[in-house]
Structure formats: C-alpha cells, structure tokens
2 protein chains.
Amino acid sequence: MKHETIRRSFEDFLKTKGLRLTRQRSRIFEKAFATHDHFTAETFLGWLGEEDVPKPERVSRATVYRTLGLLTDGGFLELLDVGSGEAHYEHVIGHKHHDHLICSSCSRIVEFMDQRIEDLQEEIARSHGFELTHHDLRLMGICKSCRRKAK
Amino acid sequence: MKHETIRRSFEDFLKTKGLRLTRQRSRIFEKAFATHDHFTAETFLGWLGEEDVPKPERVSRATVYRTLGLLTDGGFLELLDVGSGEAHYEHVIGHKHHDHLICSSCSRIVEFMDQRIEDLQEEIARSHGFELTHHDLRLMGICKSCRRKAK
DNA sequence: GTATATGCAAACTGTTTGCAGGTGA
DNA sequence: TCACCTGCAAACAGTTTGCATATAC
C-alpha cells in the first residue's frame, strides 16, 4: 500500500469520526509511518523531541498517548504486548499479520508467520466454540548471537 | 501431584535458598494452592482479607507481591499475561503446560494444549537460530455464550 | 463561532522499595 | 543471636484525565 493511500485513509477516518486534522496528529502520523520498527510511546516522544520544530508543531506527552491510541483504534497501528510493561506499537503498512520471536537476553524481536500455526489456531478456537478475533503468539528464547556470547 | 508433596518441595526450596518459612508465606502458599483459578495480586489480597485471622497471621500488600514473586521464581506459580495490565498467576499443580483462549467479552479463560502447535513453535524457533525457553499463546475471541447473548 | 484539541500538571493503577521494628532458626 | 522478614508509606513507571487555553473547520 502506498503512503499516500494510507494518509488519505487516515484523513477520511478523522473526517468520518468528526475529528480534526491538527498539526500534532499529522506529525505523529507521519512519524509513525516513517519507521518500520516497533516503538513505545516514550521512544516515540524521544523521536519527536529530537527534531527542532517551531512551537506550534510541538507535541506533548499527553497528545502522543492520545494519538497513538487513536491510530490504534483506527487500525493504523497495532498494539504489541512484549510483556515488558510498556505498550509497543507497530504500523500496519506492508505489515501482514505476523508473530514474534523475542530474545530474552538482548530484546531483539524477530517477526515470523507460519500458516500451519494460523490454521491450527482457527481449528482450536472453533472446537471450543470461540469465534477468533485476534491472537498473540510470542516465542521467548535466546537468539543465536546471544548464545554465542554467553559461551 | 499431592498437596503434601508440593508443600514439602516449597519448604525445601526455602531452605535451599536460606529463606524462612514465616506465617505469611505459609498462608499465601496454602491460599494459592487452594484454588484452581487464575488470580491477580489484588484479588489474592482480597481473599486473604476476607478471612478473619489474628494479627500475627495478617499479610500486607507488600508481602503478597513479594511472595507471589518468590513463588513464581521457585516455579510454584506461573505468570500469565492476559494483556489487562495486571499480572495473573496460576499454580502449577496438576497443571501441565497449556495455552489460553480468552473471551474479550466476558473475560472467561479456557485452557488448551495442542502438541502440533508446540512442535511447530520449536521448529520455527530453531529455524531462526533461537533456543526456546518459553512461549505464550493467547487466542482472543468471543465465546459461544457471549455470541448467543449478543444476538 | 464553537466544538474539538492541546499542554500542563495532577491523578491513577499496578507494583516496588527503604527503613525501622519484629521474628524464625 | 542475628540475618532475614514484615508492614508501612513513600516512590515508581506507564498511562490517563481535568481544566483552561488554543485552534481547525
């Protein structure tokens, strides 16, 4: 999906909800889609702080939290719970569904997706009478380079 | 596994670590193994508060948190992250490894275990050079009775 | 013009910690 | 005895919220 397309769909989303396209929302939106990495609200705030922009473009902590929530509601970001206590986000462009391998030692996050597991999950949910809305699979372990270092 | 056996192993655990068997730890241990349900620290505190015990048996919030952590370290409890912001615990007796189906509507938690998924997880981790230590699979959806109610 | 957003700081939730006094081995 | 524990209250981290002011439409 092209950046312009999703930007447009963000503007539509705001319009439909009767919300306004403010400088802050615009800046947060652009920033969130400018990286392919996962980020937390605080990391994000750091990124914004690095840029030296004139006062009317500045974004407060409260607005970052509010807007990340908004983008998540709208389906532009996805919440990723890595179990660290902080909410991690990732944007949704060119990011088909995937799960995560997390290195307990260096916190590196590797994405993967396995259709066989996806299918089994559906099967299991069905057999328990659940209608699946989403799922979250985290594999925790030690990555190759950390194992090497440990020796 | 019999209750007595695990109680013994808890006492051994304390001894090995040079820790003491206090009234508080004993009470928390018994309570944690008296239910088969998941619980949070605050729920647990509530349970303890319901019982009218003499002062030396009373347990403070700090001690509940400390002791649940201790029991988790010792492998007597398992941490279950249901994504609600609070830590949920479940004890380990007669509870082989399993994953969870969570109803987004009524919060009901159903346990399941599927060896085919377990095997695939190992395979995926290996193929990415990870050595798996544990994993966490949560399937979120709407359970049968909530779907029925919704209609 | 006016409803919606923002920034600020204060509130909140779940959890951890420092310290003075209590207690199990 | 004395290291380990506990209770208390204060600290903490991440996040949310109330309110006065600013701004998009």
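Each chain gets a letter, A, B and so on, in the order its sequence line appears, and its residues count up from 1. The figures that follow rest on heavy atoms only: side chains count, while hydrogens, waters and symmetry mates do not.
- Every side chain to side chain contact (heavy atoms under 4.5 Å, CB included) that B:R58 has, sequence neighbours left out, goes to B:V53, B:K55.
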Listing time: all N or O pairs from protein to nucleotides 20-22 of chain C that are below 3.5 Å?
none

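- Every residue meeting the side chain to side chain contact (heavy atoms under 4.5 Å, CB included) condition with A:T22, not counting sequence neighbours, appears here in chain and number order: A:R20, A:Q24, A:R25.
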Detail all sub-3.5 Å separations between protein N/O atoms and N/O atoms belonging to nucleotides 13-15 of chain C.
unit_1 : atom_1 : unit_2 : atom_2 : d
C:dT15 : OP1    : B:A87  : N      : 2.9
C:dT15 : OP2    : B:Y65  : OH     : 3.0

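- Applying the side chain to side chain contact (heavy atoms under 4.5 Å, CB included) rule to A:S84 yields the partners A:V82, A:E86, A:H88; only residues at least two apart in sequence or on another chain are considered.
- Not counting sequence neighbours, A:E118 has no partner by the salt bridge (charged side-chain N to carboxylate O under 4.0 Å, His left out) test.
- Cluster partners of B:L101 are A:L101, A:V110, A:F112, A:I117, A:L120, A:I124, A:F130, A:L132, A:L137, A:L139, B:V110, B:F112, B:I117, B:L120, B:I124, B:F130, B:L132, B:L137, B:L139, counting Ile, Leu, Val, Met, Phe, Trp and Tyr whose side-chain heavy atoms approach within less than 4.5 Å, directly or via other members.
- Contacts between residues 46-59 of chain A and DNA chain C, defined by a heavy-atom separation below 4.0 Å, involve A:R58, A:V59, listed by number.
- Remark: A:S145 pairs with no residue by the side-chain hydrogen bond (donor to acceptor under 3.5 Å, both in side chains) rule, at least two apart or across chains.
- Overall, the helix from C:dG1-D:dC25 to C:dA25-D:dT1 carries an axis bend of 30° between its ends, with five pairs at each end and the value rounded to 10°.
- Read 5' to 3', the first and last nucleotides of DNA chain D with an atom closer than 4.0 Å to a heavy atom of chain A are D:dG14 to D:dC25.
- For B:R27, the side-chain hydrogen bond (donor to acceptor under 3.5 Å, both in side chains) partners are B:E51, not counting sequence neighbours.
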